[in-house]
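Below: one structure, written as structure tokens.
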Amino acid sequence: MTKASALPIEVRGSAKQPLGMSPAQFLRDYWQKRPLLIRQAFPDFVSPIEPDELAGLALEETALSRLIIHDESRDRWKVKSGPLTEKDFASTPNKNWTLLVQDVDKWDADVAALLEDFRFLPSWRLDDIMVSYAEPGGGVGPHVDQYDVFLLQGLGQRHWAIDTNPDAPKDFRPDVELKQLKVFEPDHEWMLEPGDMLYLPPGVPHDGTAFGGPCLTISVGMRAPSQAELTGDLADYLAERLPDELRYTDPDLAPTKSAGEIDRAALARLRGALPFAASLDDTTLTDWFGRFITRYRNAQVPVAPEKELTEAALRKQLDGGAHLLRHPWARMAWARGKRGATLFVNGHAYPAAAELAERLCDARELAPGKSVADTELAVLLILVNDGHLVVHKPRRR
Ligand code: SIN
Ligand code: CO
């Protein structure tokens, strides 16, 4: 096995080896691990698509396209999403703009044919081929992508800058909708000519700018579903197939000591009902279940008071003998955690001392009185201001 530090970041390709090495070597040493610039991955490359064909595609009703113009003097970015019109193109400046069209492989068989050279990857890992056209200075600005991408230069020159530092900050600029990086400090820069290809694994900051004249870049992008997407879809898939009569059951139930508590026995029964969630730790399972089970079936939620109460005002009311009534639509449960406990109310989770959480779940009406401690008051205040508890003043005689 080659030592990581000895692996070159730049290699030369050939008609036989577009990756400059065997696919097996590329997958072992670079894929999902480190960037690679391949000079002449496709020797004598001729772009399978012309800029005006790309512009024509961007006019199509269903094509996914974006026109991005950078006002360099004020560092403002204008993004227009497609379908674009002839007028949009007529009003572009003579530099600093780019047109990006996604899924070009679905529209153009010559572009799709490029995928033949990526057959060493599972076809379902491929997402699409995006093609960009840019006038000098045009680009989308420094950013990171969440998926692997092969950036093949089709026409003209593009200057690429990347930052290989794995700890590079990834914060976005708040003023630009393009998820551009606030800070970008490249440690590698190259000028790419037609046929050159830059491979980037996910998360590597990069910035590509058209240089000199018109520039066409062909991005072969991978599909990398997020764990959130996978989890959501798997849950839907399983839910659709589970018969309604399979339910949470508790034939072993013993009399409750604390009515609102989600105890260890309940957690164990849950694991039995959710075998696919068996690997979840207790904290995650409890946090999810507490939120889930306290959400009302018919989505009735307590309304927060019009005016937020301050801590001082609540203390004054409690000192004066006010009671706290649980809102009729506030559904509560609690669970012990590693430290303290969590009170669940209508899908929300509030950290609270176990003793307070238990008391709130047990009684519909609370009379905290004068002795209420600051930490307790802070929790009560949040619950009052979220509408779960309602202050009930004593009647004046
Ligand atoms: C481009 O082609 O301009 C952008 C491609 C990318 O950075 O992912
Ligand atoms: Co990118």
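Counting starts at 1 for both ligands and their atoms, in listed order.
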Item to check | Salt-bridge present (Arg315, Asp374; N to O < 4.0 Å) | outcome: yes
Next on the checklist: Strictly below 4.0 Å, N to O, side chains only: are Asp282 and Arg271 in salt-bridge contact?
Outcome noted: yes
Checklist entry - Any nitrogen or oxygen of Asp145, main chain or side chain, under 3.5 Å from a nitrogen or oxygen of ligand 1? => result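 N/O-N/O distance below 3.5 Å exists for this pair.
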Checklist entry - With only distance considered, is His143 within less than 3.5 Å of ligand 1 through an N or O on each side? => result yes
Next on the checklist: Starting from atom 2 (O) of ligand 1, what is the nearest protein heavy atom, named by residue and atom, and what distance separates them?
Outcome noted: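 Nearest protein contact, heavy atoms only, for atom 2 (O) of ligand 1 is Ser132 OG, 2.8 Å.
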Item to check | Residue, atom name and distance, where the atom is the protein heavy atom closest to atom 3 (O) of ligand 1 | outcome: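 The protein heavy atom lying closest is Arg158 NH2, 3.0 Å.
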Item to check | Angle, NE2 of His206 through the Co ion (ligand 2) to OD2 of Asp145 - 10° precision | outcome: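 Vertex the Co ion (ligand 2), arms to OD2 of Asp145 and NE2 of His206: 90°.
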Item to check | Ring geometry between His348 and His388 (parallel below 30°, tilted from 30 to 60°, perpendicular above 60°) | outcome: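 Ring orientation, 0 to 90° scale: tilted.
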Does ligand 1 have an atom that lies less than 4.0 angstrom from a heavy atom of [X]?
X	result
Leu100	yes
Val149	no
Tyr147	no

Item to check | Partner residues of Phe211 under the ring pair (Phe, Tyr, Trp, His ring centres under 6.0 Å) criterion, sequence neighbours left out | outcome: none
Checklist entry - Does the cation-pi check pass for Arg241 over Tyr237, that is, NZ or CZ under 6.0 Å from the six-membered ring centre and within 45° of its axis? => result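 Yes, cation above the ring, under 6.0 Å and within 45°.
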Checklist entry - Which heavy atom in Gln146 sits nearest to a heavy atom in Ala224, and how many Å separate them? => result O-CB, 4.1 Å
